[in-house]
Trainee: 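My structure is below; once you've seen it, I'll send some questions.
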Amino acid sequence: MWRVAAAVATASITMEKLFAAAVVEQRISAAWDEAGAFRAGRPDRVGAQPFCMVIPPPNVTGSLHIGHALNNTLQDVLCRFERMRGKDVLWQPGMDHAGIATQMVVERQLAERQQPDRRSMGRKAFIERVWAWKDESGGQIVGQLQRLGASCDWSRTRFTMDEGLSAAVLKVFVTLYRQGLIYKDKRLVNWDPKFLTAISDLEVVPVEIKGSLWHFRYPVVDAAGAETGEFITVATTRPETLLGDTAVAVHPEDDRYRHLQGRQVRLPLVGRLIPIVADDYSDPEKGSGAVKITPAHDFNDFEVGKRHGLPMINILDAEARLLLVGNEAFLAGVDPQAAAWALGLHGQDRFVARKAVVARMEELGLLAEVEPHALTVPHGDRSNVVIEPWLTDQWYVDAATLATPALAAVREGKTSFIPKTWEKTYFEWLDNIQPWCVSRQLWWGHQIPAWYGPDGTVFVAMSDDEAHRDAAAHYGAATPLTRDEDVLDTWFSSALWPFSTLGWPDQTPELARFYPTATLVTGFDIIFFWVARMMMMGLHFTGEVPFKDVYMHALVRDEKGQKMSKSKGNVVDPLVLIDQFGADALRFTLAAMAAQGRDIKLATSRIEGYRNFGTKLWNAARFAELNGCGRVAGFDPATTRSTLNRWVLSAFAGAVADVTAALEAYRFNDAAGAAYRFVWNLFCDWYLEFAKPVFAGQDAAEKAETQATTAYVLDGICALLHPFMPFITEELWGITGATGPARDSVLALAPWPSVAHLSDAAAQAELDWVIALISTVRSIRSELNVPAGATVPLVLVEASAEVRRRAERWGDILKRLGRFTDIGFADEAPRGAVQAPLPGAVAALPLATVIDVAAEAARLGKEGGKLRAEAGKLESKLANPGFLNKASPEVIEETRERLAELQARAGKLDDALRQISG
RNA sequence: GGGCGCGUAGCUCAGCGGGAGAGCACUUCCUUGACAUGGAAGGGGUCACAGGUUCGAUCCCUGUCGCGCCCACCA
């Protein structure tokens with residue numbers, strides 16, 4: 001006996017009251033690393049089913065934001081779940097070189113340190129400098145992901161600019177070029193005048209601007225070029241482009257302008273004669289119905305210009321300043337005297353020029369009207385400056401051709417989106433896909449493998465040598481070449497991520513084993529940037545889809561539902577939350593809130609609540625330790641005899657089934673909820689309370705079984721919660737593993753519970769009754785203000801045989817939790833007793849001396865009223881022939897049973913009311 | 001202009017054809033040998049509004065209002 005007490009005393013000092021997340025997390029991370037727990041291809045997983053996910057590679061410049069936290073929590077939940085289910089898991093980590101973002105960071109750093117800028121230092125030195133930056137301060141996010149608990153195989157970390165991935169990029173570019181799926185073209189592109197590079201359609205964001213619509217009068221001229229006195233009015237939001245106008249367009253059917261079709265106007269400020277053309281593009285409903293055409297500076301006008309063979313006059317330089325002096329296209333057919341004022345704008349910024357043009361037009365009496373006008377103006381998503389449509393040579397991917405198999409794969413179900421609603425978005429975009437501009441006028445990135453001969457002939461090749469060999473063959477002699485200066489869009493290499501990280505273009509064992517990957521978990525904001533492009537590239541180069549499931553999670557937004565962004569200042573830092581509440585609490589919150597199809601508005605009160613959940617679990621384990629609930633070698637839960645133990649095991653089996661099913665269906669919130677409810681509301685609230693009298697009791701066998709069961713279920717809880725709360729569960733696993741049979745492995749590698757056979761309906765029914773009795777009595781005591789410490793007798797009236805058996809079997813527990821002095825049976829309730837109907841008996845509490853009769857009468861009346869209202873609804877339902885004819889028999893039967901029970905309870909309440917009043 | 005989604009307890013959110021739920025907040029009681037980051041009990045909701053389908057609608061359909069997001073070439 002004293003030995004047990006000693007053991008308890010020793011045990012009691014082992015665990016602190018609270019889980020020290022900050023200290024433990026680091027130690028646990030190190031333990032996982034030590035165990036190689038996250039390595040793919042572990043010897044113990046030989047022959048196991050592979051499970052692979054690739055991480056959406058964070059930018060090398062990035063630091064963990066709340067979106068990453070959600071994204072990686074969900075991925076980690078899946079990986080840990082599958083790892084525990086015995087699969088050979090590869091969660092492939094890595095980072096993206098993030099062309100513009102990284103180049104920006106380094107350029108800013110150079111400026112801050114007052115060092116020579118990029119152009120002064122030259123390309124080679126600058127790129128070396130970027131690599132140095134990367135080695136020194138890039139990739140902080142890896143450590144931050146580890147703090148979150150991400151179970152990536154960190155030994156396989158890749159970088160989109162590393163040697164292998166660069167080889168994949170090269171191979172893909174050259175192959176697509178030779179297949180005619182990459183080509184060079186001169187057309188309007190989205191030009192970023194700040195970063196001095198082309199960007200893709202996706203990198204352009206429309207920004208709502210309150211601008212103006214200026215109406216200008218252009219003088220009509222006759223065949224001899226003399227002004228007729230008539231004017232045609234055009235409206236524009238961009239007055240400075242007037243200088244590049246090469247036509248005015250009217251609708252062919254517009255009677256207002258029919259007589260002007262084929263005539264000319266003299267372009268104000270410039271003096272150029274330009275035609276009035278008829279084109280469907282012109283919308284009679286908009287503006288004046290006549291529209292100025294500037295083919296070199298507007299995507300629509302470009303098309304109009306092509307249709308009518310109009311000249312294209314580019315009036316802007318790369319930095320969006322006016323380029324007029326020496327501009328042959330601009331000067332063609334222009335009298336320099338007449339255009340002197342305009343030429344004075346040379347070198348001015350576009351917005352300065354805009355004001356000047358408006359002012360000048362007003363002076364000349366050619367400004368007909370200015371009206372306020374709301375419009376959306378394209379901005380660069382990173383530079384945040386107004387994007388210019390600008391005429392340049394760029395490289396394009398024939399996305400439409402690559403899209404066809406990508407569309408088919410989803411239509412045929414080879415890849416599924418979860419939630420399915422995103423498939424529509426995916427189809428919509430791919431059905432209308434435009435050529436993808438992949439060249440960027442940057443230095444940091446994969447340089448385009450194209451070389452130019454002296455006459456401009458292009459040689460696309462795998463290497464400098466190959467290009468020169470091709471050139472020599474082409475020209476018949478060795479010929480000097482210059483390499484294309486441009487680099488590829490960052491997303492070009494990201495598009496290859498699922499197979500390039502596995503070793504492609506080499507046929508590596510990893511590629512064979514893990515490709516196609518199982519699931520991609522990502523945010524819907526990059527469905528076009530990334531998901532669709534991986535589908536296109538994956539299918540084209542491997543012939544297989546890159547992933548079978550795509551789980552699109554929501555965005556984490558601020559409380560107003562706004563996307564979090566640094567510029568808005570509404571970001572929540574997950575690392576701060578981890579410091580404050582622990583990684584487990586943050587993870588559990590994110591998983592619990594990750595309901596499909598809805599954005600997450602994060603409330604810290606919920607994180608706090610789930611931190612408390614961790615504390616609850618911790619203390620349950622502490623309680624178990626205090627009560628000698630050690631793990632028992634060879635313990636078989638299927639052989640437990642006590643109903644209490646069979647019940648908790650059965651409930652555990654239910655919880656495991658629920659969590660498993662929910663995770664298989666990517667229903668993270670349901671999975672977290674099911675685990676939470678079992679641990680707190682069943683295991684802690686009831687089972688451990690029920691176990692207390694057993695631990696304090698004399699039945700050694702029952703006690704031992706209950707101790708073993710507690711330890712067993714606690715083990716199972718750790719497993720069940722591990723995908724969500726890896727740190728605290730791993731720590732508990734270690735603590736409980738310190739005694740008893742040795743652990744086979746860390747929890748991260750332990751098996752997922754397999755307990756379906758422990759289900760026991762009879763035990764569940766019995767404990768449901770016990771819980772109902774206790775809850776009912778507690779409620780009564782509280783409502784009647786019975787002092788919490790007071791104990792009273794319980795009399796079970798008209799108890800069925802089963803109720804008698806149960807009451808006897810659970811006597812100790814009932815007395816303790818219901819605060820009964822003793823439990824008796826009677827055919828009639830004692831005088832003045834408070835009564836509560838239960839299945840199979842009426843619980844009577846002789847409280848006459850303790851309670852207020854009027855309060856009890858009120859309670860009974862209120863309770864009865866509720867029951868009768870409820871019963872009334874069911875009665876009218878059952879009186880409805882339509883219901884009886886058409887509802888399913890199960891529903892009708894259930895309704896009848898519920899009604900009968902309600903009526904019985906209401907009747908007993910009436911009896912009690914009569915008795916107390918009489 | 002197209003498309004998607006959302007309006008459920010004071011707040012943040014689940015649920016979604018047959019008995020309105022969670023966390024936090026609130027009220028009352030409890031420092032009883034796991035846990036006060038706790039325990040017990042309780043208050044609080046015509047499930048945005050209006051029609052329709054159905055025996056039955058918070059849930060399905062239509063419309064209205066409010067909010068958010070995505071796509072699109074609006075002079």
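Both backbone and side-chain heavy atoms feed into the values below; hydrogens, waters and symmetry mates do not. Just so it is clear: chains get the letters A, B, ... in the order the sequence lines come, proteins before strands, and each one is counted from 1.
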Trainee: In Watson-Crick or G-U wobble terms, both distances under 3.5 Å, what is the partner of B/C60?
Mentor: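 Partner of B/C60: B/G52.
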Trainee: So A/Thr425, base contact, sugar-phosphate only, or nothing? Heavy-atom distance under 4.0 Å.
Mentor: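 No contact.
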Trainee: Any donor-acceptor pair under 3.5 Å joining the side chain of A/Glu689 to the base of B/A40?
Mentor: no
Trainee: So, A/Ser288 side chain and A/Thr233 main chain: donor-acceptor pair closer than 3.5 Å or not?
Mentor: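 Yes.
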Trainee: Could you tell me whether the side chains of A/Lys17 and A/Thr615 share a donor-acceptor contact shorter than 3.5 Å?
Mentor: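 Side chains of A/Lys17 and A/Thr615: no pair found under 3.5 Å.
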Trainee: P atom, B/G18 versus B/C47: distance in rounded Å?
Mentor: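 Rounded to whole Å, the distance is 15 Å.
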Trainee: Let me know the distance between CD of A/Glu428 and P of B/C69, rounded to the nearest Å.
Mentor: 20 Å
Trainee: Which nucleotide sits closest to the side chain of A/Arg778: B/U12, B/A41, B/U37?
Mentor: B/A41
Trainee: Look at A/Trp618 and B/G38 and indicate whether a side-chain polar atom (N or O) is within less than 4.0 Å of OP1 or OP2.
Mentor: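 Negative; the distance criterion is not met.
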Trainee: Do the side-chain N and O atoms of A/His251 and A/Asp279 include a donor-acceptor pair separated by under 3.5 angstrom?
Mentor: no
Trainee: From CG of A/Asn432 over to C1' of B/G3, roughly how many Å is that when rounded to an integer?
Mentor: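 It works out to 11 Å between those atoms.
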Trainee: Roughly how many Å apart are B/A34 and B/U28, using the P atom of each and rounding to a whole number?
Mentor: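 Each nucleotide's P atom is 27 Å from the other's.
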Trainee: Heavy-atom contacts under 4.0 Å between residues 868-880 of chain A and RNA chain B, which residues?
Mentor: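 RNA chain B contact set from residues 868-880 of chain A: A/Glu870, A/Lys877, A/Asn880.
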Trainee: Heavy atoms only, 4.0 Å cut-off, all strands: where does A/Ser282 land among base, sugar-phosphate and nothing?
Mentor: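 It contacts base atoms.
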Trainee: Students often get this wrong, so: under 4.0 angstrom with heavy atoms, is A/Ala887 touching a base, only sugar-phosphate, or nothing?
Mentor: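 It contacts base atoms.
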Trainee: Between B/A14, B/G19, B/C69, which nucleotide gets closest to the side-chain atoms of A/Arg898?
Mentor: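 Nearest listed nucleotide: B/G19.
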Trainee: Could you check which nucleotide pairs with B/C29 in any of the strands shown, counting Watson-Crick or G-U wobble with both distances under 3.5 Å?
Mentor: B/G39
Trainee: Students often get this wrong, so: under 4.0 angstrom with heavy atoms, is A/Leu884 touching a base, only sugar-phosphate, or nothing?
Mentor: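 Nothing, no heavy atom under 4.0 Å.
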Trainee: Is there, by distance only and without an angle test, a donor paired with an acceptor across the side chain of A/Lys424 and the base of B/C4 below 3.5 Å?
Mentor: no
Trainee: Dump the intermediate steps for ring pair (Phe, Tyr, Trp, His ring centres under 6.0 Å) on A/Tyr676 and A/Tyr610, then the final yes or no.
Mentor: CA-CA 9 Å; A/Tyr676 180 96; A/Tyr610 290 123; 5.6 Å; yes
Trainee: For the pair made of CG in A/Asp685 and P in B/A40, what is the distance, rounded to whole Å?
Mentor: 5 Å
Trainee: Using distance alone, with no hydrogens and no angle criterion, decide if A/Ser200 and A/Glu203 have a side-chain donor and acceptor under 3.5 Å apart.
Mentor: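 A/Ser200 vs A/Glu203: donor-acceptor pair found between side chains.
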Trainee: Can you tell me how far CG of A/Asp254 sits from CD of A/Glu285, rounded to the nearest 0.5 angstrom?
Mentor: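 Rounded to the nearest 0.5 Å, the CD-CG separation comes to 9.0 Å.
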Trainee: What's the gap between B/U62 and B/C24 when it is taken at their C1' atoms, as a whole Å value?
Mentor: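 So the two C1' atoms sit 38 Å from each other.
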Trainee: B/G51 and B/A41: how far apart are their C1' atoms, nearest whole angstrom?
Mentor: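 Nearest-Å result for B/G51 against B/A41 at atom C1': 43 Å.
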Trainee: What's the verdict on ring pair (Phe, Tyr, Trp, His ring centres under 6.0 Å) for A/Tyr218 and A/Phe231, showing C-alpha distance, side-chain angles and the deciding distance?
Mentor: CA-CA 5 Å; A/Tyr218 287 6; A/Phe231 291 89; 9.7 Å; no
Trainee: What integer distance in Å separates A/Arg622:CZ from B/A36:P?
Mentor: 8 Å
Trainee: Could you give the distance from CH2 (A/Trp214) to CD (A/Glu369), rounded to the nearest 0.5 Å?
Mentor: 12.5 Å
Trainee: Counting only Watson-Crick or G-U wobble pairs whose two distances fall under 3.5 Å, which nucleotide matches B/C16?
Mentor: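 Checking every strand shown, B/C16 finds no partner, since no pair has both distances under 3.5 Å.
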Trainee: Rounded to whole Å, how long is the line connecting atom CG of A/Asp298 with atom P of B/C74?
Mentor: 9 Å
Trainee: Can you list the steps and then say if A/Phe690 with A/Trp686 is a ring pair (Phe, Tyr, Trp, His ring centres under 6.0 Å)?
Mentor: CA-CA 6 Å; A/Phe690 290 154; A/Trp686 293 108; 5.7 Å; yes
Trainee: A/Glu901 or A/Arg667: which one's nearest nucleotide on RNA chain B is closer to the 5' end?
Mentor: A/Arg667
Trainee: Please work out if A/Thr589 contacts a base, only the sugar-phosphate, or nothing of the nucleic acid, heavy-atom cut-off 4.0 Å.
Mentor: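 No contact at all - A/Thr589 keeps every heavy atom at 4.0 Å or more from the nucleic acid.
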Trainee: Taking atom C1' of B/G1 as reference, at what distance in whole Å does atom CG of A/Asn300 sit?
Mentor: 14 Å
Trainee: Specify whether A/Tyr666 and A/Phe668 have parallel, tilted or perpendicular ring planes, treating 30° as the upper limit for parallel and 60° as the lower limit for perpendicular.
Mentor: tilted
Trainee: Work out how far the C1' atom of B/A57 is from that of B/G15, and round it to whole angstrom.
Mentor: 14 Å
Trainee: Let's test this: given Watson-Crick or G-U wobble pairing with both distances under 3.5 Å, identify the partner of B/G1.
Mentor: B/C71
Trainee: B/U54 and B/C59: how far apart are their P atoms, nearest whole angstrom?
Mentor: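 Result for the P pair: 16 Å, nearest Å.
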Trainee: Rounded to whole Å, please give me the gap between CZ in A/Phe588 and C1' in B/A14.
Mentor: 13 Å
Trainee: Reading RNA chain B from 5' onward, which residue's closest nucleotide shows up sooner: A/Asn612 or A/Arg606?
Mentor: A/Arg606
Trainee: Please give, in whole Å, the distance from B/G19 C1' to A/Arg896 CZ?
Mentor: 17 Å
Trainee: Strictly by Watson-Crick or wobble contacts shorter than 3.5 Å, is anything paired with B/C24, and which nucleotide is it?
Mentor: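 B/C24 is paired, partner B/G10.
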Trainee: Does A/Asn619 put a side-chain nitrogen or oxygen below 4.0 Å from OP1 or OP2 of B/G38?
Mentor: no
Trainee: A/Phe524 vs A/Trp422 aromatic rings, parallel, tilted or perpendicular, using cut-offs 30° and 60°?
Mentor: parallel
Trainee: For atom C1', what is the distance between B/C29 and B/G68, given to the nearest Å?
Mentor: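 44 Å, rounded to whole Å.
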Trainee: Please report the interatomic distance CD(A/Glu608) to OG1(A/Thr589), rounded to the nearest 0.5 Å.
Mentor: 10.5 Å
Trainee: How far, in whole Å, is B/A40 from B/A25 if one measures between their P atoms?
Mentor: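 Those two atoms are separated by 15 Å.
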Trainee: Set out, line by line, the N/O atom pairs under 3.5 Å between protein and nucleotides 25-29 of chain B.
Mentor:
none

